[in-house]
2 protein chains.
Amino acid sequence: MENGLELRLRSPKAFNLIRSAGEAAEMIKDGMVIGVSGFTPSGYPKAVPLALAERGKYGEKLKIDLYTGASVGPEIDTALTEAGMIRRRLPYHTNGTIREKINDGMIEYLDMHLSQCPQYVNYGMLKKVDVAIVEALAITEDGNLIPTTAIGNSPTFIKSADKVIVEINLKKPLAMEGMADIYMTENPPNRKPIPICNVADRIGTTYIECGFDKIAAIVITDLQDRTRPLSEEDENSKKISKNIIKFFDSEVKSGRLSKSLLPLQSGVGSVANAVLYGLCDSEYEDLTCYTEVVQDSMLDLLRAGKAKMLSTTALSPSPIALEKFLEEIDFFKEKIILRPVEISNNPEVVRRLGVISINTAIEADIYGNVNSTHIMGSKLMNGIGGSGDFSRNGSITIFSTVSTAKGGRISSIVPMVSHVDHTEHEVMVLVTEQGFADLRGLSPKERAIKIIENCAHPDYREALMDYFKRSCESAALQTPHILEEALSWHSQFMETGSMK
Amino acid sequence: MENGLELRLRSPKAFNLIRSAGEAAEMIKDGMVIGVSGFTPSGYPKAVPLALAERGKYGEKLKIDLYTGASVGPEIDTALTEAGMIRRRLPYHTNGTIREKINDGMIEYLDMHLSQCPQYVNYGMLKKVDVAIVEALAITEDGNLIPTTAIGNSPTFIKSADKVIVEINLKKPLAMEGMADIYMTENPPNRKPIPICNVADRIGTTYIECGFDKIAAIVITDLQDRTRPLSEEDENSKKISKNIIKFFDSEVKSGRLSKSLLPLQSGVGSVANAVLYGLCDSEYEDLTCYTEVVQDSMLDLLRAGKAKMLSTTALSPSPIALEKFLEEIDFFKEKIILRPVEISNNPEVVRRLGVISINTAIEADIYGNVNSTHIMGSKLMNGIGGSGDFSRNGSITIFSTVSTAKGGRISSIVPMVSHVDHTEHEVMVLVTEQGFADLRGLSPKERAIKIIENCAHPDYREALMDYFKRSCESAALQTPHILEEALSWHSQFMETGSMK
């Protein structure tokens, strides 16, 4: 028992279940539904999916439905896509290889509100999971699993699965044990209130229930997560960050928010990081986060003493920040709670806590509708992820985008978005590097003027105002549109390569 | 003290506050925000708004912002619109006169998720209410109000208002007292779980807190609500009802639902009534409703013993059913709870109870996006109402529409909806008189085929399939669209009067 493996496998039963990744992958058969741990490329299984993909190289025909928490690493999405093994994929991804196959029509993709995914499984609205593959720190003496850096949908997939394959990852330090807080909801009509009233409230167990009866194989691995390197903090992200903080300042000034704001949720990427770094340098204090993913900047907020508590379903710092995080694990352990997606993204809790949600738009229209999933109406980018869970239930819903893309040839503010993920009814604040538009309490026409003036790039303002004015002359005046023209900016881009 | 008025005004202080409607209306000044009771044309004030409108006839220039619970009667929307007194209106209406002025651009209209309206007021995101006008059964000895047939946003408006004008309506029987259950949420970060685990749970008081300090006038009236007469049960509604029940049957067969289903929410109108009447004749039993409005059919479900309990924010039976209801008030009183909108439509409770939501679409597209507010993209019909509150958080989200309109010249299933209120991410079941499409677990392309085959009118199926196929040949294959053509069915209708 070298490597202190007995600290991770706390029953002789566990030792008897040790298999190679290849042996474990053999348990996966054609047509199966496979549910994996992981959320953002973090805490996902690696060895078994890689071994499964290998089988494809030897000509084996095998197709699976793949359920995840959200995005997972290339060891799953790239490897299995290249092996031609994915038939159906849900609820979210960020992988270039699978994106191509989805848009080529080779993979059926369900773009779901993340909080609804576990519910769909629990209600039997999706096919049940045949095999769950879950990364764990350790297996308790009762065969329960101590999760690693992401909880995602693991509790639900394990409950649904006939068989569970566990990847014990030796690179994830046992010191992380205790960060998880696993709470499962009952199905209606037996569901009870989720008793979270503060970000810091712990309501469950530190392990995921499983039991040795379900565990079919245990694979020991030391493969590391391929978390994303931190994106460069560019000028536009910094400007967007400043505009969001300017908005917060005005809320504080009006008395609607205090200096500790309300729990923050923020998507991933450079803007999210810039906003949180901006808060590090601000007068805000005692901040909290109730979110789905933690990146470098949130750890820095804790380090700087600006934030006091953080709830998430996944830790996904950059490789460098991850190393630092693991060195300081004792400091962070008390300040971070890892919850299942069903809890981290739950409408009930998000509404109760009054979460301030900050998410990224691909484009927004003059009336405040937001597209966060499709390029030019047809092509999937990643998916809606948790943005809807938070934006539809939070106290303040902020969407940000750089006002142009493709070197200025695309305006991110358009007459009509080519796909709607967030409607005019719930988009409260729109932010670009140009400024912010507070849309609360405004009619669609009032919103249009504010969005064009405050958020659109100067190169496109005149054309947008022209569209708006001509629409007002020819259409009904609640949400004036010229339908023949509403999507013509997109059509023109596809034809000429520019919206100008 | 004739008419037993002392039973309704339970303090001498109340008697001292009695004013004429005209005197009370004088308290309303130019530029004020007025919040009124009422939800669906029920429980709204009548005498004071009529008196206010009178002032316009004498040339007085006065404009107000009008906040309601949802739709109110012509004594408010028609009278004040005709008097030119409404500057801004929210969050919902169903009135023809005001609709015209909104679409003419004379009134700024905010089309809000109903559950967000009280929250916007409580958070200070909307201007505070200057004067609340509230219909009541009675005023307690402490100056608190016993509401009548709708709670709506009265508790929030009263809390926000500087002054409250109470209309004591003698036509609303005191026997109704006790049906209301008033519970107010704190603002974050102090909000607690809403302790409703069953439709029947009572969690609050039978009165709305107000106090004599706020009451500026009490007006005694006997004007009756102008509730809507019951719409004729037409053939298409019956067919839609049968298709919805067929869907329920399949859910029961699969074991996903029991014979008592889960709490039902259903919009208003002939389809909603037909569905509920359909359930009266079915094998379903021990049904419950957790909804925002109760019409004739729900009362009949209770009468027939099919339903056992019903939670709502408004009672809005037809004039005939209302009379019968009042005669049988003792029977109904124990089986109906009236709650504020913030509770009846609260995402937390809707998600917990697993509400099955059934709402009406103006149109739906082949990928499952639903337009429930705008005609041809620009013209406001009524508003989103509570449909989003329920459909985004319920366990099953059903939208229904007749497959054609305008004598077949409009297809309600279109390539792309001209306005999105409910996105592809949350529309689970689409139903027309042609059949139902269960969209759960399907990718957009799979949905398209099912919707075209099961829901579209045969006259339009070929053209829809042709659009879908040509889109698949020319666009990325997640959600294939030909953007130049996507809205052309609407454009063609506006030009030629037909989508054919």
Side-chain angles (χ1 to χ4, degrees), chain A residues 102-105 108-113 120 123-126 187-189 191-193 195 197 254-256 262 347-348 351-354 369 374 376-380 384 388 392-393 395 418-421 423 425-426 440-441 443 445-446 475-481 483-484 486-487 490-491, chain B residues 102-105 108-113 120 123-126 187-189 191-193 195 197 254-256 262 347-348 351-354 369 374 376-380 384 388 392-393 395 418-421 423 425-426 440-441 443 445-446 475-481 483-484 486-487 490-491:
Chain A
I102 288 167
N103 287 311
D104 284 352
E108 300 302 326
Y109 181 68
L110 279 70
D111 182 11
M112 303 178 76
H113 293 302
Y120 262 69
Y123 290 179
M125 292 179 182
L126 286 173
N187 284 354
R191 190 172 287 175
K192 296 282 170 295
C197 294
S254 76
R256 282 192 288 268
L262 282 166
E348 168 176 341
R351 176 103 166 191
R352 183 183 304 141
L353 298 182
N369 299 284
H374 284 69
M376 302 296 144
S378 298
K379 188 178 171 189
L380 180 88
I384 191 167
R392 288 171 186 192
N393 299 292
S395 61
S418 59
H419 188 272
V420 177
D421 298 289
T423 78
H425 309 288
E426 65 257 359
R440 294 171 300 174
S443 70
K445 289 191 299 298
E446 294 169 328
L477 288 172
Q478 173 66 6
T479 309
H481 268 303
L483 291 183
E484 298 80 8
L487 297 170
H490 302 83
S491 304
Chain B
I102 289 167
N103 287 312
D104 285 351
E108 300 302 326
Y109 181 67
L110 279 69
D111 182 11
M112 301 178 79
H113 294 301
Y120 261 71
Y123 290 179
M125 291 177 183
L126 287 172
N187 284 354
R191 190 172 287 174
K192 297 281 171 293
C197 294
S254 75
R256 281 191 288 266
L262 283 166
E348 167 176 342
R351 175 101 167 193
R352 183 183 304 141
L353 298 182
N369 299 286
H374 285 68
M376 302 294 145
S378 299
K379 187 179 173 189
L380 181 87
I384 191 166
R392 288 170 186 195
N393 299 292
S395 61
S418 59
H419 188 272
V420 178
D421 297 289
T423 78
H425 309 289
E426 66 258 358
R440 295 172 299 172
S443 69
K445 291 191 300 297
E446 292 170 330
L477 289 171
Q478 173 65 7
T479 309
H481 268 304
L483 292 182
E484 298 80 9
L487 298 169
H490 302 84
S491 304

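Because the structure is predicted, anything quoted here is derived from the model rather than measured.
- Summarising the geometry, atom CD belonging to B:E348 is positioned 10.5 Å from atom CG belonging to A:N393; distances are rounded to the nearest 0.5 Å.
- Residue B:D111 touches chain A through both its backbone and its side chain, counting heavy-atom pairs closer than 4.5 Å.
- Ranked by heavy-atom pairs under 4.5 Å with chain B, the first of A:M376, A:M125, A:R392 is A:R392.
- Residue contact with chain A, scored on non-hydrogen atoms closer than 4.5 Å, involves the side chain of B:K445 exclusively.
- Minimum interatomic distance between A:A486 and B:L487 (heavy atoms only, all atoms of both residues): CB-CD1, 4.3 Å.
- Both the backbone and the side chain of B:L380 have a heavy atom closer than 4.5 Å to some heavy atom of chain A.
- Among the candidates B:R191, B:K379, B:H425, the residue making the largest number of heavy-atom pairs closer than 4.5 Å to chain A is B:H425.
- Both the backbone and the side chain of B:H481 come within contact range of chain A, judged by heavy atoms closer than 4.5 Å.
- For A:D104, the part lying near chain B is the backbone, with the side chain staying farther off; criterion is any non-hydrogen pair under 4.5 Å.
- Atom CG of A:L483 sits about 7.0 Å away from atom NE2 of B:H490, to the nearest 0.5 Å.
- Interface residue B:P193: backbone and side-chain heavy atoms are both found under 4.5 Å from chain A.
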Report the C-alpha separation of B:V420 and A:N369 in whole Å, then their side-chain angles, then the decisive distance to 0.1 Å, and conclude whether the side-chain contact (heavy atoms from CB on, under 4.5 Å) test is met.
CA-CA 9 Å; B:V420 178; A:N369 299 284; 5.7 Å; no
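- Annotation: maximal heavy-atom pairing with chain A below 4.5 Å, among B:C197, B:P189, B:P188, occurs at B:P188.
- Pairing each heavy atom of B:Q478 with each of A:S378, the nearest pair is CB-O, 3.5 Å.
- Within the 4.5 angstrom heavy-atom criterion, only side-chain atoms of A:L262, from C-beta onward, approach chain B.
- Nearest heavy-atom pair, B:L110 versus A:S443, reported as atom, atom and distance to 0.1 Å: CD1-N, 3.9 Å.
- No side-chain donor-acceptor contact under 3.5 Å links A:H419 and B:T479.
- Proximity to chain B (any heavy atom under 4.5 Å) is shown, for A:I102, by both the backbone and the side chain.
- Listed options A:D421, A:L126, A:L353 were ranked by heavy-atom pairs under 4.5 angstrom with chain B; first place goes to A:D421.
- Counting heavy-atom pairs closer than 4.5 Å to chain B, the top-ranked of the candidates A:L477, A:I384, A:N187 is A:L477.
- Among A:R352, A:E446, A:E108, A:R440, the residue making the largest number of heavy-atom pairs under 4.5 Å with chain B is A:R352.
- Annotation for B:R256 and A:G124: closest pair NH1-O, 2.9 Å, computed over non-hydrogen atoms.
- The minimum heavy-atom distance linking A:G441 with B:Y120 is given by the pair N-CE2, 4.0 Å.
- Contact record, A:E426 with B:H113: OE1-NE2, 2.7 Å, taken as the closest heavy-atom pair.
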